[in-house]
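As a basis for the values below, the full set of heavy atoms in this structure was taken, side chains included, without hydrogen atoms, waters or symmetry mates. Note that the numbering runs from 1 along the sequence shown for the chain.
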Amino acid sequence: MRELVLVWAIAAAACSPGMGDVASARAQTPRAVYVADTPTLIADPAARARLTAAIATNTYTEVIPYKLGPLLGSVTSRAALAGWIMEIQGAGGAVTAPIAGTDRIEAIAKLVAEQSVHLDGLITELEFWNRDDRAVAFAEMLALLDAMRAHTTDWAAPRKPLIITAYLGYPSADEAAQLAGRVDRVLLNYSVRSPTDPWSSGSRRMVSLRRRFETFARLGVPIWPIFYSTGEVDMQTTLRAKGIVATEAAFRDGLASHPDLARTPLPGFAYFTFEAMP
């Protein structure tokens, strides 16, 4: 699985946007987008159509839907969720379900079996680095990834791999090494004002972000940065002024300024959230 993802990552990096046409750059760069309130979006025809159109035009290529709980509670709501998932996939997009615990795995299993729908990926939503009992929480994280991996065949479309992703904040080097063997990619949070900050700033936090990137690059794990358009620290102003393509290009330029990392492929980016994007 890792080999397939790495080949795809290298191919995507070779098509990364430079000074060419903006529409072409959008089509060449895979992008995931989080939906903060999936039940509300599904029930709003205008918002739903806007997301589907953004998928169809390759502005985004993947959706990570939050607040699935209310949609997994009944046959009627599961049918509505399955219809929306198939709508996104029919427009050419992928759907990656967030998993915070085994209860969500059980609920997704029911959805898949009952509605004959498939998923494209699973992503962790367990912030072990923020827990007081970090060692216990990290053990839960590893067990969660193993449980997710057990469904790579029965939840995926035929002849298509189910991508297992870890959303991460600040793992230690030892934690990163243990995670590397269980994931196909990582989504790393970048709560910064500017895409150049992680590469140009000498603050302790930015140095920590560089070391985190270096760790996963050395381990050979595909890295997708998460850019925030909402939150305590976000890129809303930069995204509004520069747009997606220029923001990503600035991040890539910063990466290229570090000789030991310049050749690290960046297969894609993620954005949080769809509702807050300019």
Side-chain angles (χ1 to χ4, degrees), residues 1-10 12-13 30 32 34 62 64 96 98-101 121-150 152 161-192 195 197-199 201-228 231 233 251-252 254-272:
M1 173 69 76
R2 175 68 62 74
E3 287 76 9
L4 288 174
V5 174
L6 285 174
V7 168
W8 170 74
I10 293 167
Y34 285 83
E62 179 181 347
I64 303 173
T96 295
I99 306 291
L122 304 173
I123 183 169
T124 59
E125 283 296 326
L126 178 59
E127 296 186 351
F128 65 86
W129 57 92
N130 285 328
R131 291 258 298 266
D132 292 335
D133 56 343
R134 181 164 179 150
V136 172
F138 184 67
E140 292 174 9
M141 177 75 163
L142 297 180
L144 185 62
L145 284 166
D146 290 342
M148 289 159 58
R149 179 67 71 187
T152 52
L162 188 77
I163 303 300
I164 303 299
T165 305
Y167 151 64
L168 295 172
Y170 310 98
S172 67
D174 178 64
E175 290 166 344
Q178 294 183 66
L179 291 168
R182 286 177 163 86
V183 301
D184 300 313
R185 64 175 180 175
V186 292
L187 265 61
L188 303 182
N189 65 2
Y190 281 89
S191 299
V192 295
D197 287 348
W199 309 111
S201 172
S203 72
R204 179 178 299 179
R205 180 164 169 264
M206 297 306 158
V207 170
S208 174
L209 293 182
R210 287 199 290 274
R211 287 175 178 166
R212 180 187 65 177
F213 189 99
E214 290 167 0
T215 296
F216 283 105
R218 185 175 63 253
L219 291 167
V221 181
I223 300 166
W224 289 43
I226 306 174
F227 292 164
Y228 292 81
V233 180
F251 188 89
R252 291 181 188 276
L255 175 64
S257 69
H258 291 259
D260 53 333
L261 295 174
R263 298 181 66 84
T264 303
L266 271 182
F269 293 83
Y271 290 87
F272 186 92

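- When side chains are defined from C-beta on, Tyr34 does not count as touching Pro98, because their heavy atoms never get closer than 4.5 Å.
- Under the side chain to side chain donor-acceptor pair (under 3.5 Å) criterion, the residue pairs touching residues 136-145 are Arg131-Glu140, with sequence neighbours excluded.
- With a 4.5 Å cut-off on side-chain heavy atoms, Leu179 and Val186 do not count as touching.
- Atom-to-atom distance recorded for Arg182:CZ and Ile164:CD1 is 12.5 Å, nearest 0.5 angstrom.
- Pro171 approaches Arg134 most closely through the heavy-atom pair CA-NH2, 3.7 Å.
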Open item on the list: side chain to side chain contact (heavy atoms under 4.5 Å, CB included) for Thr124 and Val183? Distances and angles first, verdict last.
Closed with: CA-CA 10 Å; Thr124 59; Val183 301; over 6 Å; no
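- Summarising the geometry, atom CE belonging to Met148 is positioned 5.0 Å from atom CG belonging to Leu122; distances are rounded to the nearest 0.5 Å.
- Atom CG of Asp133 and atom CZ of Phe128 lie 12.5 Å apart (nearest 0.5 Å).
- Of all heavy-atom pairs spanning Pro30 and Pro267, the tightest one is CD-O, 3.1 Å.
- Side-chain rings of Phe251 and Trp224 stay apart, their centers remaining 6.0 Å or farther from each other.
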- [ ] Show your reasoning for whether side chain to side chain contact (heavy atoms under 4.5 Å, CB included) applies to Thr264 and Phe216.
- [x] CA-CA 10 Å; Thr264 303; Phe216 283 105; over 6 Å; no
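- Rounding to the nearest 0.5 Å gives a distance of 8.5 Å between CG of Leu209 and CH2 of Trp199.
- Contact between Leu162 and Asp184 at its shortest, heavy atoms only, is O-OD2, 3.8 Å.
- Residues passing the ring-ring contact (aromatic ring centres under 6.0 Å, His included) test with Tyr271 are Phe227, sequence neighbours excluded.
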TODO: Check the pair Leu126 / Phe138 against side chain to side chain contact (heavy atoms under 4.5 Å, CB included), numbers first and verdict last.
DONE: CA-CA 9 Å; Leu126 178 59; Phe138 184 67; over 6 Å; no
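- By the 30° and 60° cut-offs, the orientation of the rings of Tyr167 relative to Trp129 is perpendicular.
- Counting only residues at least two apart or in different chains, side chain to side chain donor-acceptor pair (under 3.5 Å) contacts with residues 210-221 comprise Asn189-Arg212.
- Going from atom CD1 of Ile226 over to atom CG of Leu187 covers 4.5 Å, rounded to the nearest 0.5 Å.
- Pairing each heavy atom of Tyr190 with each of Leu188, the nearest pair is CD1-O, 3.2 Å.
- Minimum interatomic distance between Pro259 and Ser257 (heavy atoms only, all atoms of both residues): CD-O, 3.4 Å.
- A pairwise comparison of heavy atoms in Ile223 and Phe213 identifies CD1-O, 3.7 Å as the closest pair.
- Not counting sequence neighbours, Ser208 has no partner by the side-chain contact (heavy atoms from CB on, under 4.5 Å) test.
- Considering only residues two or more places apart in sequence or on other chains, Thr96 meets the side-chain contact (heavy atoms from CB on, under 4.5 Å) condition with Glu62, Ile64, Ile123, Arg185.
- In terms of the side-chain contact (heavy atoms from CB on, under 4.5 Å) criterion, Asp132 has no residue partners (sequence neighbours excluded).
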